[in-house]
Every structure is written in C-alpha cells, then in structure tokens.
Amino acid sequence: MIYNSRSIIQMMCTGSIRYGGGALEDTVSLIPIGDRHLGEPRPKTTVASLREKKQHHEPITCLTAYDYASARLVDEAGIDIVLVGDSLAMTMLGYENTLSVTMEEMLHHTRAVRRGVKHALLVADMPFGSYHATADEAVRNASRFVKEAGAEGVKIEGGEKRVDLIRRIIDAEIPVAGHIGLTPQSVNVMGGYKVQGKSLAGIEQLMRDAVALDRAAVACIYLEGIPREVAGMITAEVSTPTIGIGAGLDCDGQVLVLHDILNLTFATPAKFVRRYGDAAALISDAVQAFRTDVASRQYPSEGESYHLPKETQAALDTLLARKRSMRR
Ligand code: KIV
C-alpha cells in the first residue's frame with residue numbers, strides 16, 4: 001500500500017494515529033485584539049464636533065476608505081471623517097467612472113469600513129440613481145446606509161436643486177453631507193471633469209448652492225474642483241464646515257482619495273493630489289519577492305512550517321514501518 005496524504009488522514013480520523021494539538025503553533029490565524037491607538041483617549045467625531053472645529057479654525061481631515069484594513073489605519077491615524085466615496089467604483093471595482101456603482105456595492109464596502117472605524121465620523125456616498133427618482137426612495141436608500149451598514153451620514157451631490165430631498169433625509173434623522181462644484185455623478189452633463197465656478201454666473205450658482213445647503217443644515221459641504229478664491233468666499237459665508245478637494249487652502253478641511261495619496265490609481269493624478277506614499281511600488285516589490293522565493297524554493301522555510309509533535313511522528317513511523325513489513 002502506498003501511503004499518500006489521503007490514507008494518512010483516514011488513519012487519523014479512524015484513530016489509528018493519535019496526534020497532539022492545542023499548542024500555539026497550531027493556531028493558524030492570530031487576529032490582533034485591542035486598539036493600536038496608544039495615545040490619549042480620542043473623542044468620537046460627531047456632526048457637532050465638526051462645527052466646533054470650524055468655529056475654532058481647526059482644520060478638519062477627511063480621507064476615503066473602502067475596506068476594513070484601510071478604514072482601520074485611517075481611523076487610527078486620527079482622521080476626523082472617513083468617507084466611503086463612490087470613487088470606489090474606480091479605485092476598488094475598476095469601473096470607468098462613478099455612474100455604474102450600485103447601492104449593494106456601496107453597502108458592502110460601507111459595512112466593511114464600519115468594522116474598522118471607531119472614532120471618525122463615517123459618511124457614505126449615495127450612488128448615482130439612488131436619490132434621483134423620488135424623495136421616498138432616497139430616504140429609503142439613505143436609511144439602508146444607516147441601518148444595514150452603520151453609516152453616520154450620507155453624502156449627496158448637488159446644491160439648490162437637491163435641497164428639498166436633503167431636508168427629507170435630515171427629517172428622517174440622517175445627517176447629510178452636501179457636495180458641490182465638480183460633482184462627478186454629473187460628468188455627462190458637465191461634458192467632462194472640469195473645474196467649476198470660473199465665471200461670474202458659475203460663482204453665483206455655487207454661492208446659491210452653498211447657502212441653500214447651509215440653510216438646510218447639512219453636516220458639512222464638500223467643495224470639489226473650484227477656484228481657491230470661490231471656496232474661500234463660500235467658507236466665509238456659511239456656518240457649515242466646508243471640506244475641499246481641489247478647492248485650495250481656505251476651506252475648513254481637506255479630503256483626498258486614499259488611493260490617490262498612495263499611488264494606487266494607475267492614472268495620472270489631478271493637480272491637487274499630493275502623493276504621500278507609493279503603495280504600488282511596495283505591493284509590486286513584495287509580490288515579486290514572493291514569486292522569486294517560491295520559484296527558487298526559498299519559501300516556506302522550516303521556521304515557517306508546522307511540524308508533527310515528536311510522539312506523533314514516532315507513532316506514524318511505527319505505523320508506516322508495520323504497514324511496509326505487512327506488504328513484504
Ligand atoms: O467619491 C469620493 O471619493 C468623493 C470625494 C472625492 C469627495 O466624493
């Protein structure tokens with residue numbers, strides 16, 4: 001009889017081999033438990049604490065995150081708002097733009113992020129089509145982000161023309177973040193991703209949008225792709241905190257897409273993106289090194305392998321020897 005792994009497993013299951021167990025070495029996955037944030041206890045970011053930051057001229061920080069690990073790292077780094085942006089359509093799912101991402105996909109990622117965020121305010125983007133048909137449907141979809149995925153607020157693109165709908169959602173006890181300027185869900189109407197508010201009429205519309213959102217009591221207003229001067233005027237005019245992306249230094253806070261700052265987008269970055277790390281190089285180098293190690297049998301080492309306890313090995317040797325002698 002030839003002893004392949006199947007027959008050995010059978011022998012173990014029938015009790016003809018006893019194996020030890022319970023040692024730490026047998027624990028395949030060691031999930032770290034506990035908070036790695038070792039500094040002062042950190043207060044939870046709330047809609048009210050964002051307003052306080054604006055009042056005290058303390059810059060607000062926001063980054064996107066789309067999964068548990070990145071959400072946890074962003075949160076533990078002390079970022080105020082974690083945004084599950086619909087930019088995940090491109091960064092995580094490889095779509096061409098944000099228009100294709102669905103409610104179910106956004107909910108799936110928001111749930112994962114929820115499990116990684118303890119202190120930051122968790123805001124989820126309402127995807128294209130989820131708030132455009134009726135206000136009832138918009139409220140239902142916004143509620144799903146809170147109820148099913150643990151979001152603490154939702155973000156909606158558009159100013160004046162979305163204000164009635166935004167009030168309905170706020171009436172349903174759901175904080176709303178506004179988003180005006182270059183709103184990527186309007187790409188087909190804008191005819192591309194173009195800086196907004198460069199003409200007097202454009203500036204006037206942006207001011208009306210911002211004031212309308214301010215009066216509706218949104219939690220914050222994202223200002224995307226507008227001249228610094230216009231973002232500064234809006235920020236001075238409204239009591240709602242403004243969070244800029246490509247909107248210059250005079251906003252109350254700044255947001256960037258995590259994949260942009262980490263060089264994980266496979267695209268030429270926009271002018272406002274600052275790269276803080278090169279995760280693409282890090283991942284490529286690690287993957288290449290793994291490939292080389294496996295191909296040259298340098299991985300796994302003895303230290304990276306599990307071994308039978310001595311007594312099990314002895315019992316196995318005896319058993320195999322007995323089987324061999326029976327074959328003769
Ligand atoms: O989807 C997103 O990441 C965003 C931010 C860029 C504001 O909307």
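Here, residue 1 is the first one in the sequence, and each next residue gets the next number. If you're wondering where the values come from, they're calculated on a predicted model, not measured in any experiment. Counting starts at 1 for both ligands and their atoms, in listed order.
Contact atoms of ligand 1 toward His179: 8 (O) (distance under 4.0 Å to a heavy atom of the residue). Shown in contact with Gly85 at under 4.0 Å from a heavy atom are these atoms of ligand 1, numbered in order with element: 1 (O), 2 (C), 3 (O).
The proximity of Leu83 to ligand 1, defined as any non-hydrogen pair under 4.0 Å, is limited to the side chain. The part of Asp125 lying near ligand 1 is the side chain, judged by heavy-atom distances below 4.0 Å.
A salt bridge does not link Lys53 with Asp252: every distance from a Lys NZ or Arg NE/NH1/NH2 to an Asp or Glu carboxylate oxygen is 4.0 Å or more. The pair Lys198-Glu229 does not meet the salt-bridge criterion, since no charged nitrogen lies less than 4.0 angstrom from a carboxylate oxygen. A salt bridge links Asp75 to Arg42: at least one charged side-chain nitrogen sits closer than 4.0 Å to a carboxylate oxygen. Note on Glu160 versus Arg215: no salt bridge recorded, every NZ/NE/NH1/NH2 to OD/OE distance being 4.0 Å or above.
Within the 4.0 Å heavy-atom shell around ligand 1 one does not find Ile243. For Glu157, the heavy-atom gap to ligand 1 stays at 4.0 angstrom or more.
Of the protein's non-hydrogen atoms, Ile245 CD1, 3.5 Å is the one closest to atom 6 (C) of ligand 1. When hydrogens are left out, the protein atom nearest atom 2 (C) of ligand 1 is Ser87 OG, 3.3 Å; that is the closest non-hydrogen contact.
For Lys155, a nitrogen or oxygen atom sits less than 3.5 Å from a nitrogen or oxygen atom of ligand 1, counting backbone and side chain alike. Here's the thing with Asp86: one of its N/O atoms is less than 3.5 angstrom from an N/O atom of ligand 1. Taking only nitrogen or oxygen atoms, main chain and side chain alike, Thr64 does not reach within less than 3.5 Å of ligand 1.
Taken from CG in Asp80 to OG1 in Thr46, the straight-line distance is 10.5 Å, to the nearest 0.5 Å. Rounded to the nearest 0.5 Å, atoms OH (Tyr131) and CD (Glu157) are 5.0 Å apart.
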Dump the intermediate steps for side chain to side chain contact (heavy atoms under 4.5 Å, CB included) on Leu256 and Leu63, then the final yes or no.
-> CA-CA 5 Å; Leu256 282 174; Leu63 279 172; 4.1 Å; yes
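When all heavy atoms of Thr98 and Ala89 are compared, the closest pair comes out as CA-CB, 3.8 Å.
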